[in-house]
Trainee: 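Could you have a look at this structure, given as structure tokens, before my questions?
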Number of protein chains: 2
Amino acid sequence: MNAPPLTKNQALVFDVLEKAEGPLSAYTILDKLRDHGFRAPLQVYRALEKLLEYGVVHRLESINSFVACAHPGENCHSHGIVAFAICESCGQVMEFHDHEVDHRLMDWTRGKKFKAEKTTIEIRGLCEACAA
Amino acid sequence: MNAPPLTKNQALVFDVLEKAEGPLSAYTILDKLRDHGFRAPLQVYRALEKLLEYGVVHRLESINSFVACAHPGENCHSHGIVAFAICESCGQVMEFHDHEVDHRLMDWTRGKKFKAEKTTIEIRGLCEACAA
DNA sequence: ATCAATTGCGTTATGCTATAACGTGTGCGA
DNA sequence: TCGCACACGTTATAGCATAACGCAATTGAT
Ligand SMILES: [Zn+2]
Ligand SMILES: [Zn+2]
Ligand SMILES: [Zn+2]
Ligand SMILES: [Zn+2]
């Protein structure tokens, strides 16, 4: 899915996520956009739904938050499985891809005849700075 | 963490999860235990907290649910990273371990000096039966 | 035996996350 | 012009998780 031009609300939500240091919850995004006329969670969730579909935003399942893709301009969906390392102290998120991991997981699913649709890999812990 | 004898509430919650076909949400567990005196979510969450700590229950982050470990009697924490394949149609969950995946992720974290505490791998899709 | 610390438990209240359902307006092709 | 798709706004509701209080039983020193 390539990203078509964003609508006003989509652009506002994306902008907040891009400027943020780390992942944000939908309600945090809502609060940051109240000055721009946002009043209800659905305005955020609807924008996020599209941004996720376009692959420019990722959802972090383990912390119920959203983060802008680390590959601006590219289509992240084409990179294979996305993995995240999330620092539980400072909130910083590192996004990476490992094709060997993809292959191992795909081998497993093929062996089980499991049709994978969406794979989540999230490592929570402490980044180098916070672990010191 | 080895599992000490379970308390009454812990045993009730674990029993519900063991007998279940698939993962259950905390509130579903609560409903199933109302006849046994459960009245409030905290009774479930407190039991789950311990069961997770003992490694006899796993939390599925992507669907906010809990499932009994597929390795009764063993200490699942010692198997390395746990991965799950979750059928979005029938709810069935397959738990597996892949040391090669573990190593790849550990290599990455070592390279970034990231101190991993807890890793989530969840594949959502369709099981063989449901994909047919 | 006594005291203090720990742990489990019950209850009430609250907060956070996500979606259902309804209606409006706009643009665009048949 | 009609019909449809889509974005948007609003209200209400559903679903997930924890804070804060108090009580009782257990344990393990002193
Ligand atoms: Zn990305
Ligand atoms: Zn950090
Ligand atoms: Zn297990
Ligand atoms: Zn299935």
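Quick note on labels: first sequence line is chain A, next is B, and so on, each numbered from 1.
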Trainee: For this output row, return yes or no: ring centroids of H58(A) and F84(A) closer than 6.0 angstrom.
Mentor: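 So the answer is yes for these two rings.
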Trainee: Can you measure L30(A) atom CG to dC16(C) atom C1' for me and round it to whole angstrom units?
Mentor: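 Taking atom C1' of dC16(C) as the reference, CG of L30(A) is at 12 Å.
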Trainee: Could you check how far NZ of K50(A) sits from P of dC6(D), rounded to whole Å?
Mentor: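 So the two atoms are 7 Å apart, to the nearest Å.
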Trainee: Does Y27(A) stack onto the base of dC16(C), taking stacking as ring centres under 5.5 Å apart and planes under 30° apart?
Mentor: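 Per 5.5 Å and 30° rule: no stacking.
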Trainee: In Å and rounded to the nearest 0.5 Å, what is the NE2 to CD distance from H97(B) to E95(B)?
Mentor: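 H97(B) NE2 to E95(B) CD: 4.5 Å, rounded to 0.5 Å.
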Trainee: At less than 4.0 Å, is any side-chain N or O atom of Q43(A) found next to OP1 or OP2 of dG9(D)? Yes or no.
Mentor: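 Affirmative; the distance criterion is met.
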Trainee: Test D107(A) against every option in R110(A), H103(A), R104(A) by the side chain to side chain donor-acceptor pair (under 3.5 Å) rule and name the one that passes.
Mentor: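 Considering R110(A), H103(A), R104(A), a side chain to side chain donor-acceptor pair (under 3.5 Å) with D107(A) is found only for R110(A).
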Trainee: Of the nucleotides dT10(D), dA18(C), dC9(C), which one has an atom closest to the side chain of T7(B)?
Mentor: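 The answer is dC9(C).
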Trainee: Going by the angle between their ring planes, with limits at 30° and 60°, are W108(B) and F96(A) parallel, tilted or perpendicular?
Mentor: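 Because their plane-to-plane angle is under 30°, the rings of W108(B) and F96(A) count as parallel.
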Trainee: Output yes when at least one side-chain N/O atom of N9(A) is less than 4.0 Å from OP1 or OP2 of dG9(D), else no.
Mentor: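 True: N9(A) side-chain N/O within range (under 4.0 Å) of dG9(D) OP1/OP2.
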Trainee: For F66(A) and dC16(C), what is the distance between atoms CZ and P respectively, to the nearest whole Å?
Mentor: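 About 16 Å, once rounded to whole Å.
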Trainee: Roughly how many Å is it from NZ in K8(A) to C1' in dC6(D), rounded to a whole number?
Mentor: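 Taking NZ of K8(A) and C1' of dC6(D), I get 17 Å after rounding.
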Trainee: Let me spell it out: for each of R46(A) and S25(A), pick the nucleotide of DNA chain C with the closest heavy atom. Which residue's pick is nearer the 5' end?
Mentor: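 It is S25(A), whose closest nucleotide lies nearer the 5' terminus.
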Trainee: What is the distance from CG of L6(A) to C1' of dA7(D), rounded to the nearest Å?
Mentor: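 Going from L6(A) (CG) to dA7(D) (C1'), I get 13 Å.
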Trainee: What nucleotide, of dC8(D), dT10(D), dT18(D), holds the atom closest to the side chain of Y45(B)?
Mentor: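 It is dT18(D).
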Trainee: When you compare the side chains of S62(A) and E122(A), does any donor N or O come within less than 3.5 Å of an acceptor on the partner?
Mentor: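 Short answer, yes.
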Trainee: Heavy-atom nearest nucleotide on DNA chain D for Q10(A) versus N64(A): which residue maps closer to 5'?
Mentor: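 The residue mapped nearer the 5' terminus is Q10(A).
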Trainee: DNA chain C: L42(A) or T28(A), which has the more 5' nearest nucleotide?
Mentor: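 This one resolves to T28(A).
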Trainee: Expressed in angstrom and rounded to an integer, what is the separation of E61(A) atom CD from dC16(C) atom C1'?
Mentor: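 After rounding, the reported distance stands at 16 Å.
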Trainee: Between dT7(C) atom P and E49(B) atom CD, what is the distance in whole Å?
Mentor: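 Spelled out: CD on E49(B) to P on dT7(C) is 12 Å.
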Trainee: Could you say whether I63(B) or P41(A) is positioned toward the 5' end of DNA chain D, judged by the nucleotide with the nearest heavy atom to each?
Mentor: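 Result: P41(A).
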Trainee: Take atom CD of E53(B) and atom C1' of dG8(C), then tell me their distance rounded to the nearest Å.
Mentor: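 In whole Å, dG8(C) C1' lies 13 Å from E53(B) CD.
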Trainee: Looking at dT10(D), dA18(C), dG9(D), which one has an atom nearest to any side-chain atom of R39(A)?
Mentor: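 Nearest to the side-chain atoms of R39(A), counting from C-beta on, is dT10(D).
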